[in-house]
Protein chains: 2
Amino acid sequence: MLSRRQLLILQAIVDDYVQTAEPIGSRSMSKREDISFSPATIRNEMADLEEMGYIIKPHSSAGRIPSNKGYRLYVDHLLRPEPLQEHEILDMEKFFTRRISEVEAVMRKTAAVLSELTSYVSVVLGPEMEHTRLKQLQMLPLSGRQAIAILVTDSGHVENRTFDIPEQMNASDLEKVVNILNEQLVDTPIGQWEERLLTETRRLLHRHVRHYEDMFGVLRDAFKTQRSDQVFYGGMMNLMMQPEFQDVDRVRMIFEWLDRSENVHTLLSRTQEGLSVRIGRENDIEAFADLSMITATYSIDGSTVGSLGVIGPTRMEYERVIRLIRQFATGLSTSLTRKYRHDK
Amino acid sequence: MLSRRQLLILQAIVDDYVQTAEPIGSRSMSKREDISFSPATIRNEMADLEEMGYIIKPHSSAGRIPSNKGYRLYVDHLLRPEPLQEHEILDMEKFFTRRISEVEAVMRKTAAVLSELTSYVSVVLGPEMEHTRLKQLQMLPLSGRQAIAILVTDSGHVENRTFDIPEQMNASDLEKVVNILNEQLVDTPIGQWEERLLTETRRLLHRHVRHYEDMFGVLRDAFKTQRSDQVFYGGMMNLMMQPEFQDVDRVRMIFEWLDRSENVHTLLSRTQEGLSVRIGRENDIEAFADLSMITATYSIDGSTVGSLGVIGPTRMEYERVIRLIRQFATGLSTSLTRKYRHDK
DNA sequence: TGTTAGCACTCAAGATTAACGAGTGCTAAT
DNA sequence: ATTAGCACTCGTTAATCTTGAGTGCTAACA
């Protein structure tokens, strides 16, 4: 177990290093106001801390920097984030009540502001729609051969998509298609659509509708890509301001990884409920060797539907970011809950 | 006027430099197969070319690299791009006929593939909708207080947007609103909507509809953001592979500029019809000092509606990029034209 | 007269060395 | 248990040297 003094020293190392990005030496630390021991004492304690793996020397005659284990201890035991202040919650209220009705716009804005405030990279995962069920499907023929399909889910979410009606199909065919689809898909969770479409629905369409094959292709395309589980990014450029990312190749590798949104998607979606901090290699991702990620989940009516995160160097201002992410997660939750509850 | 030999040498310098990114010396050039003179002769010619401003020495004992003026000459007189091959056009046909009905998806894909093939940065500007006119406006009330507005333009483009119906409004109010909007806005070019909305339409709504103010706010929001003039990016990371962009700050500045899509939007939209090449400072943008941009416009039914471009170092493979961009521009044009003509 | 060989000169880049200093570990004194 | 003292380490910076690719100029040559 670590002594009170060792904890104090570790804390000082992390705090200083987060600010300066320079290794901390015993001499300079002894000058801090909250430290009252001599450099030699500090050196002894540091040697112990190093032996236990909480801090590291970049080279034998340098000061110490926190190891990942050190950051972990810091986050788990030395941070005692105060609950959100009244006014912080109010700020978020204000931010989210500006009635932007499109969910997509809210997400985009959230990512932008979150990265702006933290000055790290932010990622926001749109609300998960796997478990919502179809409530109503409408198709609206437009001029020419286009039509628009409108999907309303039981959570009040509306998705719409335009598509081309296959050449040989007439109005009554279309109507049949809509009827069959409604019959088949209403009350089916979105996650099961694909399977449903490919089996029963397909058989039914085959039996009752001419040229069903053409239609089927179109339908699959239209329904497959759920726009909802998009990933929104903010503040990529902030990464390039950090002194530890002055190497273009390094940055490029990270960006390339982030650029594949499926990467970020899986990373974010397997995050645990509530708030989580993953430091460096804890993410076991090659590109994340010296990056940390703080994530939080947001919910509608109490059930988790999505998550958002901040990605920065392991040398990150954990306390501040945790605070901000909390704010945004609760803000997003209340805002979405209000929106959807209101609509029911 | 430049002699045949001078042109040959200039061409050799550009070609070599584009490949290697290293200054070209007289010695190494004399070893090229297509060059038959001695280093000394080449030196003399180079001295003349330099005096005329076509090439530059990075420092007094280095080889030569093309100046912007040199690139300009190269592009204008030394490139004689052959017309597109049959099979190249066919490739594009194939690429664009995969029936992706959403225009947005086409644009996104175009940007991705264009950057992939060129290995530079690509930007694609969605089709301009300023001059299209509204053909039909529908509103479809959904469950709860949501409704969906569907706009069909005379070019066959469909845009739709969900919004919240203000609390105190009932079905007949909504119907009135739709009628008034249709009356007012059908056949009005999109560019004039905002003005129209703010003047006459507003008055009419005021006279005939209760609670018009709430509704009006919603309408403005919904109609203002035309999703159509979005900018789509591809291959940002490619920039970081170029040897001239190994400085993170430099890259960050460029990215920050590109990140503001309004920048790119104005840059692209004021591009001249057909194909254009702008080299380095010709773009008069601080961040573009050593970047070149090649743009082309695409059209629907012969009238220009948008543009796409490739951004890379001034040391760019102009010939190859011009070729590719031509391909994509014509491909996009025929594809969009087919789509919209078909729908009328 | 245009081309080329020869040669002195330039200058960026890389290697070598030296001085510096912030930092350490260890020992002995407090 | 703490701290002063001291020898030692090693990255950083600046100074110096070497190398080599490249130049411009002059004089010889076809």
Side-chain angles (χ1 to χ4, degrees), chain A residues 1-10 12-17 19-67 70 243-244 246-247, chain B residues 1-10 12-17 19-67 70 243-244 246-247:
Chain A
M1 202 43 210
L2 292 181
S3 72
R4 189 145 228 64
R5 191 166 67 187
Q6 284 171 325
L7 288 175
L8 180 62
I9 288 175
L10 179 58
I13 290 175
V14 175
D15 285 341
D16 264 23
Y17 185 62
Q19 290 306 320
T20 63
E22 302 278 309
I24 317 300
S26 56
R27 179 182 219 67
S28 64
M29 177 177 298
S30 75
K31 285 176 190 143
R32 285 177 57 128
E33 295 174 3
D34 53 340
I35 302 273
S36 51
F37 349 104
S38 75
T41 312
I42 295 171
R43 277 205 288 285
N44 286 330
E45 298 287 29
M46 278 178 164
D48 290 349
L49 283 171
E50 183 171 15
E51 206 172 334
M52 291 185 278
Y54 293 112
I55 55 180
I56 285 173
K57 275 186 295 203
H59 59 87
S60 75
S61 74
R64 304 307 213 289
I65 63 175
S67 68
E244 44 265 81
Q246 289 307 301
D247 175 41
Chain B
M1 198 46 209
L2 292 182
S3 71
R4 188 145 229 62
R5 192 165 66 186
Q6 284 171 326
L7 288 175
L8 180 62
I9 288 175
L10 179 58
I13 290 175
V14 175
D15 285 341
D16 264 23
Y17 184 63
Q19 290 306 321
T20 63
E22 301 278 309
I24 317 299
S26 55
R27 179 183 220 67
S28 65
M29 176 177 299
S30 74
K31 285 178 190 141
R32 284 177 59 125
E33 294 174 4
D34 54 340
I35 302 273
S36 52
F37 348 105
S38 76
T41 312
I42 295 171
R43 277 205 288 284
N44 285 331
E45 298 287 29
M46 279 180 164
D48 290 350
L49 283 170
E50 183 170 17
E51 207 171 334
M52 290 185 280
Y54 293 111
I55 54 181
I56 286 172
K57 277 187 294 205
H59 57 87
S60 74
S61 74
R64 304 305 213 290
I65 63 175
S67 68
E244 44 266 81
Q246 289 306 303
D247 176 40

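In the text below, chain A, chain B and the rest are named by the order of the sequence lines, each starting its count at 1.
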J.: Would you tell me if any nitrogen or oxygen in the side chain of B/Ser60 comes within less than 4.0 Å of OP1 or OP2 on D/dT23?
T.: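 So the side-chain polar atoms of B/Ser60 never come under 4.0 Å of the phosphate oxygens OP1 or OP2 of D/dT23.
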J.: Answer yes or no: does a side-chain N or O of B/Thr41 lie under 4.0 Å from OP1 or OP2 of C/dT4?
T.: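 The answer is yes; a side-chain N or O of B/Thr41 sits under 4.0 Å from OP1 or OP2.
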J.: Does C/dG25 have OP1 or OP2 sitting under 4.0 Å from an N or O in the side chain of A/Lys57?
T.: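 Result: yes.
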J.: Return the value, rounded to whole Å, for the distance between atom CD of A/Gln6 and atom P of D/dT2.
T.: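 The distance from CD of A/Gln6 to P of D/dT2 comes to 11 Å, rounded to the nearest Å.
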J.: Does B/Ser26 put a side-chain nitrogen or oxygen below 4.0 Å from OP1 or OP2 of D/dT23?
T.: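 B/Ser26 to D/dT23 OP1/OP2: side-chain N or O found under 4.0 Å.
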J.: Indicate, yes or no, whether a donor-acceptor pair under 3.5 Å links the base of C/dG25 to the side chain of A/Arg43.
T.: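 Check passes, donor-acceptor contact within cut-off.
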J.: Figure out the CD1/C1' separation between B/Ile55 and D/dG24, and round it to whole Å.
T.: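 About 14 Å, once rounded to whole Å.
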J.: NE2 of A/His59 versus P of C/dT24: gap in Å, rounded?
T.: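 So the NE2-P distance, A/His59 to C/dT24, works out to 10 Å.
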J.: Measure the spacing between CD1 of A/Ile65 and CD1 of A/Ile13 and express it to the nearest 0.5 Å.
T.: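 A/Ile65 atom CD1 to A/Ile13 atom CD1 measures 10.0 Å (nearest 0.5 Å).
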J.: Let's see if you can work this out: which of C/dG25, D/dC10, C/dT4 has an atom nearest to the side-chain heavy atoms of B/Ala40?
T.: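 My answer, after comparing the listed nucleotides, is C/dT4.
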J.: Measure CG/B/Leu49 against P/D/dG22 and give the value in whole Å, please.
T.: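 That distance rounds to 17 Å.
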J.: For the pair made of CE in B/Met46 and P in D/dG24, what is the distance, rounded to whole Å?
T.: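 That distance rounds to 9 Å.
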J.: If the cut-off is 4.0 Å, is A/Ser61 near the phosphate of C/dT24, judged by side-chain N/O to OP1 or OP2?
T.: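 Negative; the distance criterion is not met.
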J.: For A/Glu45 and C/dG23, give me the distance from atom CD to atom P, rounded to whole Å.
T.: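 Rounded to whole Å, this separation is 18 Å.
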J.: Is A/Ile55 close to A/Ser67 at the side-chain level, that is, under 4.5 Å between some pair of heavy atoms?
T.: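 They are not in contact (no side-chain heavy atoms under 4.5 Å apart), so the answer is no.
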J.: For the pair made of CG in B/Asn44 and C1' in D/dG22, what is the distance, rounded to whole Å?
T.: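 For the pair B/Asn44 CG and D/dG22 C1', the rounded distance is 14 Å.
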J.: Could you tell me the separation between the CD1 atom of A/Ile13 and the C1' atom of C/dG23, rounded to a whole number of Å?
T.: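 About 13 Å, once rounded to whole Å.
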J.: In the structure I gave you, are the side-chain heavy atoms of B/Met29 and B/Ile9 within less than 4.5 Å of one another anywhere?
T.: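 Counting from C-beta outward, B/Met29 and B/Ile9 do come under 4.5 Å.
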J.: Side chain of B/Ser28 only, heavy atoms from C-beta on: which candidate in D/dT23, D/dG22, C/dT4 is closest?
T.: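 In terms of side-chain proximity for B/Ser28, the closest of D/dT23, D/dG22, C/dT4 is D/dG22.
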J.: Between B/Arg64 and B/Leu49, is any pair of side-chain heavy atoms under 4.5 Å apart?
T.: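 The answer is no, as the side chains (C-beta and beyond) never meet within the 4.5 Å cut-off.
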J.: Using a 4.5 Å cut-off on heavy atoms from C-beta on, say whether the side chain of B/Glu22 contacts that of B/Asp16.
T.: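 Sidechains of B/Glu22 and B/Asp16: no contact.
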J.: Compare side-chain N and O positions of B/Arg5 against OP1 and OP2 of C/dT3 and report whether any pair is under 4.0 Å apart.
T.: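 For C/dT3, OP1 or OP2 has a side-chain N or O of B/Arg5 closer than 4.0 Å.
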J.: Can you tell me if the side-chain N/O atoms of A/Arg64 get under 4.0 Å from OP1 or OP2 in C/dA22?
T.: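 For C/dA22, neither OP1 nor OP2 has a side-chain N or O of A/Arg64 closer than 4.0 Å.
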